[in-house]
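Contents: one structure, followed by commentary.
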Number of protein chains: 2
Amino acid sequence: MTVVTARERLLAAAVEAFAEKGFAATTTRDIASRAGMSPAAVYVHHDSKESLLYTVSLDGHRHALEIIEGAAASSDEPVERLRAMVRSFSRWHADNSRVGRIVQYEYHALSPEHRAEVAVLRRRIEQTMRDALTDGVERGAFAIDDVPGTAFAVLSLGIDLVRWFEPGGSQSGERLADLHAELAVKMTRA
Amino acid sequence: MTVVTARERLLAAAVEAFAEKGFAATTTRDIASRAGMSPAAVYVHHDSKESLLYTVSLDGHRHALEIIEGAAASSDEPVERLRAMVRSFSRWHADNSRVGRIVQYEYHALSPEHRAEVAVLRRRIEQTMRDALTDGVERGAFAIDDVPGTAFAVLSLGIDLVRWFEPGGSQSGERLADLHAELAVKMTRA
DNA sequence: CTGCATGCTAAGCAAGCGCTTAGCGCAGTT
DNA sequence: AACTGCGCTAAGCGCTTGCTTAGCATGCAG
């Protein structure tokens with residue numbers, strides 16, 4: 001039986017609130033009441049409202065990086081590897097669209113120090129995709145003029161989905177991820 | 001010689017502030033000081049902070065719709081038409097990235113009434129793209145399994161660029177738009 | 001039964017918020 | 001010179017914000 005600590009309940013409440021209303025429009029009282037606690041309880045378990053965002057954002061970035069690096073290591077064949085990377089990246093954003101929205105859209109609300117720390121993970125995500133595309137071009141599997149631009153475009157498919165995707169909606173995250181993977185393959189095909 | 005009214009200066013200041021910090025994190029005092037006026041001046045020329053957002057957002061949505069509908073009417077040939085639509089849509093977002101950021105990311109901050117009004121324009125943008133793809137499929141120019149999903153994906157290229165694009169940065173909006181147009185053609189090619 | 005640490009809350013503070021009110025300064029008219 | 005209307009501001013109101021402080025209830029050790 002898993003123990004859900006008060007700290008974790010507050011984090012889960014913060015994820016819901018930040019994803020729904022944005023960081024700036026969320027009050028600490030809102031977070032506390034979603035967690036079924038008094039406003040002061042937030043500060044028993046967390047340093048500040050921004051540190052709640054930092055915790056959620058850092059954890060989300062780590063997961064996203066893990067997902068795409070894992071997919072990058074899943075195959076040596078450029079096309080199959082790209083398919084796996086895009087599918088799992090988009091799938092993660094669909095399955096975790098609330099965290100994804102915070103990761104992507106509340107990045108600027110982090111303190112400068114925390115933003116710098118998270119920026120390192122963001123650059124690694126982008127670099128992982130660029131490396132996969134470059135390798136595919138060198139091995140003749142891809143025909144790409146602008147590797148950085150294409151890397152951004154391919155990642156955009158997954159990232160932009162958190163703007164409108166609703167879990168439990170009409171769209172299945174799995175089908176959407178498959179579509180994105182096929183589109184990415186078509187974009188890069190030699 | 002163009003006359004820049006106080007009302008317009010306040011709108012321009014609001015665009016800068018909303019794009020930089022988000023609607024909720026922007027204060028009316030910030031908008032006023034960017035326009036070189038006192039805090040009360042905002043309310044001489046506009047009803048509320050939300051009505052500033054509404055004005056900017058509605059105008060931005062109208063422009064974006066105009067751009068994509070214009071491109072859709074520019075050619076009858078499916079591939080050339082898609083190229084024109086994606087190029088001009090992405091180009092508009094690059095050239096107007098601050099307004100574009102407000103259009104795309106502050107949509108939820110509108111009042112329910114204003115959001116509903118703007119939603120009509122959003123749906124027309126999406127429908128214009130779906131129509132162009134459907135027509136291309138029917139005429140054998142495109143091979144697309146999931147037209148709505150592909151329409152979203154193609155529009156995502158332009159939309160997601162406002163998240164990171166900086167005017168005057170290393171990337172040229174024109175080149176980026178050309179890249180997106182070519183990627184869209186590859187995504188849909190029969 | 002007492003003492004004490006733990007986990008939470010009631011109450012509230014200083015600061016900042018959106019917005020209002022009352023009125024000033026300065027054109028243009030007579 | 002006196003008047004009038006317009007464009008703007010000084011001042012501040014009522015409220016909410018993030019966060020703090022002091023203290024209460026509960027459970028466990030002795």
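Protein chains get the first letters and strands the later ones, always in sequence-line order, with residue 1 at the start of each.
Contacts classified as ring-ring contact (aromatic ring centres under 6.0 Å, His included) and involving residues 46-80 of chain A (residues at least two apart or in different chains) are given here: A:Tyr54-A:His114. Within the structure, the ring-ring contact (aromatic ring centres under 6.0 Å, His included) test picks out no pair touching residues 166-190 of chain A (sequence neighbours left out). Within the structure, the salt bridge (charged side-chain N to carboxylate O under 4.0 Å, His left out) test picks out the following pairs touching residues 18-27 of chain B (sequence neighbours left out): B:Glu20-B:Arg34, B:Lys21-B:Asp30. Identified under the ring-ring contact (aromatic ring centres under 6.0 Å, His included) test for residues 9-30 of chain B, with sequence neighbours left out: B:Phe18-B:Phe23. Within the structure, salt bridge (charged side-chain N to carboxylate O under 4.0 Å, His left out) pairs that include any residue of residues 155-164 of chain A comprise A:Asp160-A:Arg163 (at least two apart or interchain). Every pair tested for salt bridge (charged side-chain N to carboxylate O under 4.0 Å, His left out) that includes a residue from residues 55-67 of chain B fails, sequence neighbours excluded, so the list is empty. The list of salt bridge (charged side-chain N to carboxylate O under 4.0 Å, His left out) pairs with a residue in residues 107-125 of chain B, not counting sequence neighbours, reads B:Glu69-B:Arg124.
The nearest whole Å value for the distance from the NE2 atom in B:His46 to the P atom in C:dT20 is 15 Å.
Residues of residues 6-22 of chain B that place a heavy atom closer than 4.0 Å to DNA chain D, in numerical order, are B:Ala6. In the region residues 30-44 of chain B, proximity to DNA chain C at under 4.0 angstrom, judged on heavy atoms, holds for B:Ala40, B:Tyr43.
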Extract all donor-acceptor atom pairs below 3.5 Å that involve side chains of residues 142-154 of chain B and protein atoms in other chains or at least two apart in sequence.
residue	atom	partner	partner atom	Å
B:Asp146	OD1	B:Gly149	N	2.8
B:Thr150	OG1	B:Asp146	O	2.7

For residues 164-172 of chain B, run the donor-acceptor check on the side chains, cut-off 3.5 Å, and write out each pair with its distance to 0.1 Å, sequence neighbours left out.
residue	atom	partner	partner atom	Å
B:Ser172	OG	B:Glu174	N	3.2
B:Ser172	OG	B:Arg175	N	3.1

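Each of A:Thr27 and A:Asp47 was assigned the nucleotide of DNA chain D with the nearest heavy atom; the assignment lying further toward the 5' end belongs to A:Thr27.
Using a 4.0 Å heavy-atom cutoff across all strands shown, B:Thr26 reaches sugar-phosphate atoms only and no base atom.
Although no hydrogens or angles enter the test, the distance criterion places no donor-acceptor pair under 3.5 Å between the side chain of A:Arg98 and the main chain of A:Val15.
Here the range on DNA chain D touched by chain A, meaning any atom under 4.0 Å from one of its heavy atoms, is D:dT17 to D:dT20.
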